[in-house]
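We count residues from 1, following the sequence as given.
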Amino acid sequence: MTEDGDTPQLVEQAPPVDHAPPPEQVGSHGPDKPFVVGVDRETVLRRREVVRTVERRGAIITLVLGVIGVAAALYALVAFDGTVMLPYAVLLIVAMSPLLLSTWMVFRIQKQRIQWYDANELPPVAMRISVKGLELACDGAAYPVVLPWNTVRGFRRQKLLGQYTLDIALARGVGATTAGVRGLDQPSVRSVVKPNPLLRPTGMFLVKSLDQPVHVIDEALKHFSGGTAGVVR
């Protein structure tokens with residue numbers, strides 16, 4: 001108690017504040033720690049349905065055009081002099097054959113793709129970027145694609161089917177038999193890296209399905225490759 005008769009108040013001091021270290025900057029990964037890009041499962045499933053719908057519509061359109069062409073050729077043989085129209089009818093039927101073939105090919109590839117989807121779970125990781133190279137979990141592939149840095153230039157960012165995608169950009173002359181390359185010979189990978197001219201390209205990775213933005217992936221590619229790889233827009 002003080003001389004004035006007041007009781008002194010005890011003032012509790014606040015504990016010292018611990019300042020958290022600043023977050024790790026992009027590109028400051030350790031030499032042995034890969035940069036991992038994950039996958040949004042729901043976005044990928046929706047993308048699969050969009051691709052399947054677009055491919056089926058295109059296949060139906062080509063089938064209708066092929067059937068019309070063949071029917072016109074047969075009608076010409078019946079309605080006009082068959083001897084005169086025969087060469088033109090045969091030529092028209094031959095010209096319509098690629099359309100019918102492409103329709104069969106689309107439904108065949110889709111059937112194989114659905115069978116693979118049912119038998120294999122969607123991988124949670126899209127890619128791993130490290131000093132050793134680039135490892136990709138391509139949609140529909142049984143095992144990852146491995147590309148050393150001397151075989152890859154990075155990714156191409158382009159718009160396909162109304163959405164932005166990332167496609168792998170290989171160095172000139174690189175193929176499935178190149179030293180250090182693994183997984184490029186898988187059918188699902190070949191259909192993305194070198195799509196059939198009868199099928200519409202769909203892209204390797206949908207940008208919206210990745211849990212890292214494109215500019216961060218670009219920085220990671222440049223960091224681990226020593227500046228030789230990146231994202232080309």
Whether over 12 other heavy atoms sit under 6.0 Å from Y143 OH: yes
Any side-chain heavy atom of V207 within less than 4.5 Å of one from T165? no
Reported CG-to-CZ distance for the pair L134 and F35, which is rounded to 0.5 angstrom: 12.0 Å
Using 0.5 Å steps for rounding, measure from the CZ atom of F107 to the CZ atom of R56. 6.5 Å
Can we say E49 and R52 salt-bridge, meaning some charged N sits less than 4.0 Å from an Asp/Glu carboxylate O? yes
Between Q186 (side chain) and A142 (backbone), is there a donor-acceptor pair under 3.5 Å? yes
Pairing residues for T62 by the side chain to side chain donor-acceptor pair (under 3.5 Å) criterion, not counting sequence neighbours: T103
Show your working on side-chain contact (heavy atoms from CB on, under 4.5 Å) between L147 and V181 and close with a plain yes or no. CA-CA 5 Å; L147 299 168; V181 174; 3.9 Å; yes
Quick one: side-chain contact (heavy atoms from CB on, under 4.5 Å) partners of K208, sequence neighbours excluded? T43, Q163, L206
Do T151 and L170 have side chains that approach each other closer than 4.5 Å (heavy atoms only, starting at C-beta)? no
Are Y164 and V214 side-chain neighbours, meaning at least one heavy-atom pair lies under 4.5 Å? no
Common cluster, V67/L99, ILVMFWY with side-chain heavy-atom separation under 4.5 Å: yes
Can you see which heavy atom on S209 is nearest to which on V44, and at what distance? CB-CG2, 3.6 Å
Could you measure the distance from the CZ atom of R182 to the CD atom of E135? Nearest 0.5 Å is fine. 8.0 Å
Could you see if V125 belongs to whatever hydrophobic cluster contains V189? Use Ile, Leu, Val, Met, Phe, Trp, Tyr and a side-chain cutoff under 4.5 Å. no
Would you indicate whether the side-chain heavy atoms of D40 and D211 approach each other to under 4.5 Å? no
Given the rule that I, L, V, M, F, W and Y join up when any side-chain heavy atoms are under 4.5 Å apart, are L210 and V36 in one cluster? no
Do L63 and I61 sit in the same hydrophobic cluster, where Ile, Leu, Val, Met, Phe, Trp and Tyr count as joined when their side-chain heavy atoms come under 4.5 Å apart? yes
Looking at CG of D218 and CZ of R157, how far apart are the two atoms once the value is rounded to the nearest 0.5 Å? 11.0 Å
Under 4.5 Å between side-chain heavy atoms, hopping through other hydrophobics if needed: is there a path connecting I68 to L92? no
Go through the steps to decide whether I168 and V152 satisfy the test side-chain contact (heavy atoms from CB on, under 4.5 Å), and finish with yes or no. CA-CA 8 Å; I168 192 67; V152 61; 3.6 Å; yes
How long is the straight-line distance from CD1 of I129 back to CH2 of W149, given to the nearest 0.5 Å? 6.0 Å
Using side-chain heavy atoms (C-beta onward) and a distance below 4.5 Å, is V232 in contact with F155? no
Taking all atoms of both residues into account, what is the closest heavy-atom pair of F205 and L136, and its distance? CE1-CD2, 4.0 Å
Of all heavy-atom pairs between L122 and V39, which one has the smallest distance, and what is that distance? CD2-CG1, 4.3 Å
Are T178 and L184 close enough that some pair of their side-chain heavy atoms sits under 4.5 Å apart? no
dist R47:CZ -> L45:CG (nearest 0.5 Å) comes out at 13.0 Å
Nearest heavy-atom contact between M204 and D167 is N-OD1, 2.8 Å
Determine the minimum heavy-atom distance between A179 and P148, stating which atoms define it. O-CG, 4.4 Å
